[in-house]
Protein chains: 4
Amino acid sequence: MQRQLTQRGQERKAQLVSFAIKAFAQNGYHTTSVADIVDGVGVGKGVFYWYFSSKEELFIEILRTSQRDMRRRQQREIRGVEDPLDRIDLGIRAAVLWFAENDDLRRLLEFARNESTFASAVHHGQKVLVEDARTHIEEGIKEGRIPPRDPEALALAMLAVANQLTQVYISERNEDPEVVADTVAEFCRGGLGMSPEFRQRP
Amino acid sequence: MQRQLTQRGQERKAQLVSFAIKAFAQNGYHTTSVADIVDGVGVGKGVFYWYFSSKEELFIEILRTSQRDMRRRQQREIRGVEDPLDRIDLGIRAAVLWFAENDDLRRLLEFARNESTFASAVHHGQKVLVEDARTHIEEGIKEGRIPPRDPEALALAMLAVANQLTQVYISERNEDPEVVADTVAEFCRGGLGMSPEFRQRP
Amino acid sequence: MQRQLTQRGQERKAQLVSFAIKAFAQNGYHTTSVADIVDGVGVGKGVFYWYFSSKEELFIEILRTSQRDMRRRQQREIRGVEDPLDRIDLGIRAAVLWFAENDDLRRLLEFARNESTFASAVHHGQKVLVEDARTHIEEGIKEGRIPPRDPEALALAMLAVANQLTQVYISERNEDPEVVADTVAEFCRGGLGMSPEFRQRP
Amino acid sequence: MQRQLTQRGQERKAQLVSFAIKAFAQNGYHTTSVADIVDGVGVGKGVFYWYFSSKEELFIEILRTSQRDMRRRQQREIRGVEDPLDRIDLGIRAAVLWFAENDDLRRLLEFARNESTFASAVHHGQKVLVEDARTHIEEGIKEGRIPPRDPEALALAMLAVANQLTQVYISERNEDPEVVADTVAEFCRGGLGMSPEFRQRP
DNA sequence: AATGAATGAGTCTTCATTCAT
DNA sequence: AATGAATGAAGACTCATTCAT
């Protein structure tokens, strides 16, 4: 749904999106009705359909925006860093921190991955992330600092670790994101096969 | 719902469970109606409510059984193995292979983890699994063959990697489970911090 | 929707159909809601969807049944009559009388013809009716008792006249169906080009 | 709704009407929303309600205008023709040709006749048309050139034939309007009971 | 144990109309 | 005259669950 929105319109839409994120994350996509959302925002039911053509569309928009945002975060952190191993490290930490700050979105992405209706919508974004990581890994391999293995598998594994540990330690147990980021990064470095001595460029 | 079931009754119930698993895995829990299930099995609606008090109960039963089954598999593989590092290795491989053989159930468990209604049902089983792994890890640490770190975090990370790589490489791309198990195990060994020289008992 | 119906089920369905016909005829298809129908019959909303998969399906079923019934009526009246001109005459009268007795259905058929969603559903039945008439007309032409003209056009014209005059004189003004049938038949005979002298077989 | 309209206002209104006619004819009255219309014309919703107080009013205005236009056409064709039988003939042909040129409007009139909300709006106009025809028919009867029968019924029958054959042969099958007009006229002459010898004034 | 039938609250969505600007 | 935004009643349809038989 493409619509020219006024200032006020944009605010309304943002309001709806933000409330929907919270509601979906807390109660689940299927369990949250459009009525819940509009009631929560305090507007009539029609308003929802003025801004979104369906509940599904809203959700997909949320997914897309999230993924874009997360990637932006990663790229911002990495920009200008030359060492591919440092880039991997920073990328992992960025992911953990983004997950920590956007726990609702992490939940939604996780849900969407497992829901056939939305899997494809998430897939693309995830692929992009994995491609990013793969580039750095390949560079590391070429430099002889990472033992040669399937870079995609490694990238996927790292993403999974970041996601899982964030969920348990940050989302559920409220531990310090920086510490969790350390743990994740360390596990991943090991998983990639960088022994400590590899870490410095030859 | 506890009921004394005749032979035939048990078969009926198994029929329902097995169809439900397929349906839930393929179309999602919310999208699969009780009507779909009984129609699929070719029985009346009353039958369903004779064996299960609700759709939710059925799903939880599926989750429980699955987790129990997976654990059994892991324990069978490990039984009698003395070396904790070998137990970890075998446990990881068992997980990957169980996931591979029970892709529908893996999906359902994954879904349930992200659904507030079912999260708690999965939690317990996952905790047990993690406790198992934790024991071996702690032993490994005590023996000085794994650098000391939070064993639970390590266990969780391993589970995540197993799950993720199984999904992508086996469920989606149909690769050889044994090969995937190797990849997962290798990543995890590295993540745990066992350098190659650690692998043999001192 | 195919379903094995019990005695009771068949009665329920008939009840719904019969009420729906009245409601649609009186208030229009679009203006009559499923809620109106189930309320009118005094059952829950789900009942409707137990018997019909949609409001549209119900309507189409009504159309089909009507057309079949009307045709049956025509054929019953004509059976065994040898003279094609007599068959035409009897066919026209049967149509008028059926319309008279099933005014609600006549209305619905008329409505459906003009509604793109249903036009095709009516089309087929109308074609059959026209084909029937065309056969008799062609025979009449071959016998030299009807001047040669496009038989289909003639059939269509007769149907239109029957419909229109029934509507105005019977449905709106409650005149005697037999008299109206006479009028229609006479107009049509003339329209076909049977001058009085043609009427007897040579 | 009476409003003093500027030049531009009149154009806007005409634009709306003309788009609405197409939309209603193509998709049906109920299926075409006010939003469809204003979007189609490319204006805001307020505009619609500036010119029409409701969707219904717009439709009724369309019906009225159409009927007036059709009658004008008939009268123009007939003007100055003395022979009542010729007037009938010309009237029929005018109807067919108007229908042919204004297929959208024919559809809408046909729809409206069968919709209780609009039936009354069409009724009046149809009555006028029938009255016109009735006059000529009565004259024909008085002159002894048409056998004496209910002139109104005859008029209605003729209208029905014109409508029906136009729909099938022109609207659906794109045949030559002049040819169809011939067919209709011939059928009606026969229906009225003018044998060929009647056609000339005594 | 089992079936077909029924319930009715709840879901998403549409749309004529109105309002503030 | 005109717009974008908002309203909210109403619509079609779903579905977990229960009931009569």
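Order of the sequence lines sets the chain letters (A, B, ...), proteins ahead of strands, with each chain counted from 1.
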Inset, instruction - State which residues pass ring pair (Phe, Tyr, Trp, His ring centres under 6.0 Å) with C:F19; sequence neighbours excluded, sorted by chain then number. - result: none

Inset, instruction - To the nearest Å, give me how far apart CG (B:N27) and P (F:dT14) are. - result: 15 Å

Legend entry - Under 4.0 angstrom between D:R8 side-chain N/O and F:dA2 OP1 or OP2: yes

Inset, instruction - Ignoring hydrogens and angles, state whether a donor on the side chain of D:E115 or D:H30 is under 3.5 Å from an acceptor on the partner side chain. - result: yes

Inset, instruction - Quickly work out the B:D39 CG to F:dA16 P distance and round it to whole Å. - result: 12 Å

Less than 3.5 Å apart, which donor and acceptor atoms pair up between the side chains of residues 8-17 of chain C and the rest of the protein, not counting sequence neighbours?
unit_1 : atom_1 : unit_2 : atom_2 : d
C:E11  : OE2    : C:Q7   : NE2    : 2.9
C:R12  : NE     : C:Q15  : OE1    : 2.9
C:K13  : NZ     : C:E61  : OE2    : 3.4

Legend entry - Whole-Å gap separating C1' (E:dC15) and CD1 (D:I37): 12 Å

Inset, instruction - Provide, to the nearest angstrom, the distance between the CG atom belonging to D:L58 and the P atom belonging to E:dT17. - result: 11 Å

Inset, instruction - Give DNA chain F the dot-bracket treatment, 5' to 3': Watson-Crick (N1-N3 with N6-O4 or O6-N4) or G-U (N1-O2, O6-N3) under 3.5 Å, [ ] crossing, | other strand. - result: .||||||||||||||||||||

Inset, instruction - In whole angstrom, give the distance that lies between atom CZ of A:F52 and atom P of F:dA5. - result: 12 Å

Inset, instruction - Send over the distance from A:K13 NZ to F:dA6 C1', rounded to a whole Å. - result: 17 Å

Inset, instruction - Determine whether A:I37 and A:F24 make a side-chain contact, defined as any pair of heavy atoms from C-beta on separated by less than 4.5 Å. - result: yes

Inset, instruction - Please determine if a side-chain N or O atom of C:Y51 lies less than 4.0 Å away from the OP1 or OP2 oxygen of E:dA6. - result: yes

Inset, instruction - Could you tell me whether a side-chain N or O of D:K55 sits under 3.5 Å from a main-chain N or O of D:T32, the two making a donor and an acceptor? - result: yes

Legend entry - Considering all heavy atoms, the nearest C:Q26-D:S116 contact: O-OG, 3.9 Å

Legend entry - Length of the line joining B:L5:CG and E:dA2:C1', which is rounded to integer Å: 14 Å

Inset, instruction - Could you check how far CD of D:Q15 sits from P of F:dA1, rounded to whole Å? - result: 14 Å

Legend entry - Results of ring pair (Phe, Tyr, Trp, His ring centres under 6.0 Å) for A:F52 - residues two or more places apart only: A:F48

Inset, instruction - Respond yes when some side-chain nitrogen or oxygen of D:T6 is under 4.0 Å from OP1 or OP2 of F:dA1, and no when none is. - result: yes

Pairs of donor and acceptor atoms involving the side chains of residues 103-110 of chain C, under 3.5 Å and at least two apart or interchain, shall be tabulated with distances.
unit_1 : atom_1 : unit_2 : atom_2 : d
C:D103 : OD1    : C:R106 : NE     : 3.1
C:D103 : OD1    : C:R106 : NH2    : 3.0
C:D103 : OD1    : C:S171 : OG     : 3.4
C:D103 : OD2    : C:R107 : NH1    : 2.9
C:D103 : OD2    : C:S171 : OG     : 2.9
C:R106 : NH1    : C:N163 : OD1    : 3.4
C:R107 : NH1    : C:S171 : OG     : 3.4
C:E110 : OE1    : C:N163 : ND2    : 3.0

Legend entry - Flag for B:D69-B:S66: side-chain donor and acceptor within less than 3.5 Å: no

Legend entry - Reading 5' to 3' through nucleotides 7-14 of chain E, protein heavy-atom contacts under 4.0 Å coded B for base, S for sugar-phosphate only, - for none: BB-B-SBB

